[in-house]
Undergrad: 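The structure follows.
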Amino acid sequence: MEEILTIVENILPQLHGWCSFEKAKKIIELIDKNKPELCVEIGVFGGSSLIPQALALSSNKKGKIFGIDPWSTESALEEMVGADHKKWWGELNLESIYLGCVQKIEQLGIQKYCEDRK
């Protein structure tokens, strides 16, 4: 598990999202302890919490995480309030963020533990 934590600590700054190392560590510890067959992430964005979960599953050598996110500006802006939030989300290139997440999953060799629902 220490190897996974080191990888996560190094890759988190490269990923879009808001998952702190402390949160990722707690999730990894829970997956290590409970050895789930199935995990679901709703709202993947850049994969900052999905990828640590997939790495933990790979360490267990079993399980799959389904990442559910439309990666769509239109969806992100639905029911959004506040001009600042609308501007920020409206200017994001969500396709690029999605591709960055997929690329990192491939670089880490954890594709068999991940599936996206776009």
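These figures come from a predicted structure and were not determined experimentally.
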Undergrad: Work out which heavy atom in Leu77 is nearest to a heavy atom in Gly90; give both atom names and the distance.
TA: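 Scanning both residues, the minimum pair turns out to be CD2-N, 4.0 Å.
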
Undergrad: Quick one: does Ser20's side chain have a donor or acceptor within less than 3.5 Å of a partner on Lys23's backbone?
TA: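 Confirmed, Ser20 side chain pairs with Lys23 backbone.
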
Undergrad: Answer yes or no: is there a side-chain heavy-atom contact under 4.5 Å between Tyr98 and Glu95?
TA: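 Yes; the side chains approach each other to less than 4.5 Å.
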
Undergrad: Give the C-alpha distance, both sets of side-chain angles, the deciding distance and a yes or no for side-chain contact (heavy atoms from CB on, under 4.5 Å) between Val44 and Asp116.
TA: CA-CA 9 Å; Val44 177; Asp116 70 72; over 6 Å; no

Undergrad: Which heavy atom of Lys61 sits nearest a heavy atom of Tyr113, and at what distance?
TA: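 That would be CA-OH, 3.6 Å.
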
Undergrad: Heavy atoms, side chains only, cut-off 4.5 Å: are Ile7 and Glu3 in contact?
TA: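 They are in contact (side-chain heavy atoms under 4.5 Å apart), so the answer is yes.
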
Undergrad: Is it possible for you to say whether Leu15 and Ile42 belong to one hydrophobic cluster, with membership spreading through side-chain heavy-atom contacts below 4.5 Å?
TA: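 No: no chain of side-chain contacts under 4.5 Å links Leu15 to Ile42.
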
Undergrad: Would Glu115 and Lys64 pass as an ion pair if we require N to O under 4.0 Å?
TA: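 Looking at Glu115 and Lys64, the cut-off is met.
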
Undergrad: With side chains defined as the heavy atoms from C-beta onward, is the minimum distance between Ile65 and Val40 less than 4.5 Å?
TA: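 Sidechains of Val40 and Ile65: no contact.
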
Undergrad: Would you say that Leu108 contacts Ile11 through its side chain, given a criterion of any heavy-atom pair below 4.5 Å between the two side chains?
TA: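 Yes, side chains in contact.
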
Undergrad: Please confirm whether the backbone N or O of Cys19 pairs with a side-chain atom of Ser48, one donor and one acceptor, at under 3.5 Å?
TA: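 Answer holds: yes.
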
Undergrad: Does the pair Glu41 and Ile68 meet the rule for a side-chain contact (heavy atoms from CB on, under 4.5 Å), with working shown?
TA: CA-CA 6 Å; Glu41 171 98 356; Ile68 302 169; over 6 Å; no

Undergrad: Measure from the side-chain N and O atoms of Trp71 to the backbone N and O of Phe45, and report whether any donor-acceptor pair falls under 3.5 Å.
TA: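 Answer holds: yes.
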
Undergrad: Would you call Glu22 and Lys26 a salt bridge, taking side-chain N to carboxylate O under 4.0 Å as the test?
TA: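 No, no charged N to carboxylate O under 4.0 Å.
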
Undergrad: Minimum heavy-atom separation for Ala56 to Ile4, with atom names?
TA: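 In terms of heavy atoms, the two residues are closest at N-CG2, 4.4 Å.
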
Undergrad: Determine the minimum heavy-atom distance between Ile27 and Ser49, stating which atoms define it.
TA: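 Smallest interatomic distance, heavy atoms only, reads CD1-CB, 4.4 Å.
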
Undergrad: Given side chains that start at C-beta, do those of Phe66 and Leu38 come closer than 4.5 Å, heavy atoms only?
TA: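 Yes - at least one pair of side-chain heavy atoms lies under 4.5 Å apart.
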
Undergrad: First locate atom CE of Met80, then atom NE2 of His85, and finally report the distance between them rounded to the nearest 0.5 Å.
TA: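 Between Met80 CE and His85 NE2, I get 7.0 Å after rounding to 0.5 Å.
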
Undergrad: Taking Asn60 for its side chain and Ile31 for its backbone only, find out whether a donor-acceptor pair lies under 3.5 Å.
TA: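 Such a contact is found between Asn60 side chain and Ile31 backbone.
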
Undergrad: Considering all heavy atoms of both residues, which atom of Leu12 and which atom of Ala24 are nearest to each other, and what is their separation?
TA: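 Residues Leu12 and Ala24, closest heavy atoms: CD1-CB, 4.2 Å.
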
Undergrad: Leu30, Met1: one ILVMFWY side-chain cluster at the under-4.5 Å cut-off?
TA: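 Hydrophobic grouping puts Leu30 apart from Met1.
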
Undergrad: Is there side-chain contact between Ile51 and Lys104, with at least one heavy-atom pair below 4.5 Å?
TA: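 In contact.
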
Undergrad: Where do Ile97 and Leu92 land on the side-chain contact (heavy atoms from CB on, under 4.5 Å) test, with the steps shown first?
TA: CA-CA 8 Å; Ile97 291 170; Leu92 284 177; 4.2 Å; yes

Undergrad: Does the pair Leu57 and Lys62 meet the rule for a side-chain contact (heavy atoms from CB on, under 4.5 Å), with working shown?
TA: CA-CA 6 Å; Leu57 293 170; Lys62 71 174 191 172; over 6 Å; no

Undergrad: Can any side-chain N or O of Asn10 pair as donor or acceptor with the backbone N or O of Thr6 at less than 3.5 Å?
TA: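 At least one qualifying donor-acceptor pair exists.
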
Undergrad: Is the number of heavy atoms from other residues, nucleotides or ligands within 6.0 Å of CG (Asn34) greater than 12?
TA: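 Count over threshold, so yes.
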
Undergrad: If every non-hydrogen atom of Pro52 is compared with every non-hydrogen atom of Ile28, which pair is closest and at what distance?
TA: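 Closest pair (atom of Pro52, atom of Ile28, distance): O-CG1, 3.7 Å.
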
Undergrad: Within the supplied structure, the quantity of interest is the number of heavy atoms (other residues, nucleotides, ligands) at a distance under 6.0 Å from Gln107 CD; does it exceed 12?
TA: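 Check passes, neighbour count above 12.
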
Undergrad: Using a 4.5 Å cut-off on heavy atoms from C-beta on, say whether the side chain of Ile105 contacts that of Leu50.
TA: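 Yes, side chains in contact.
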
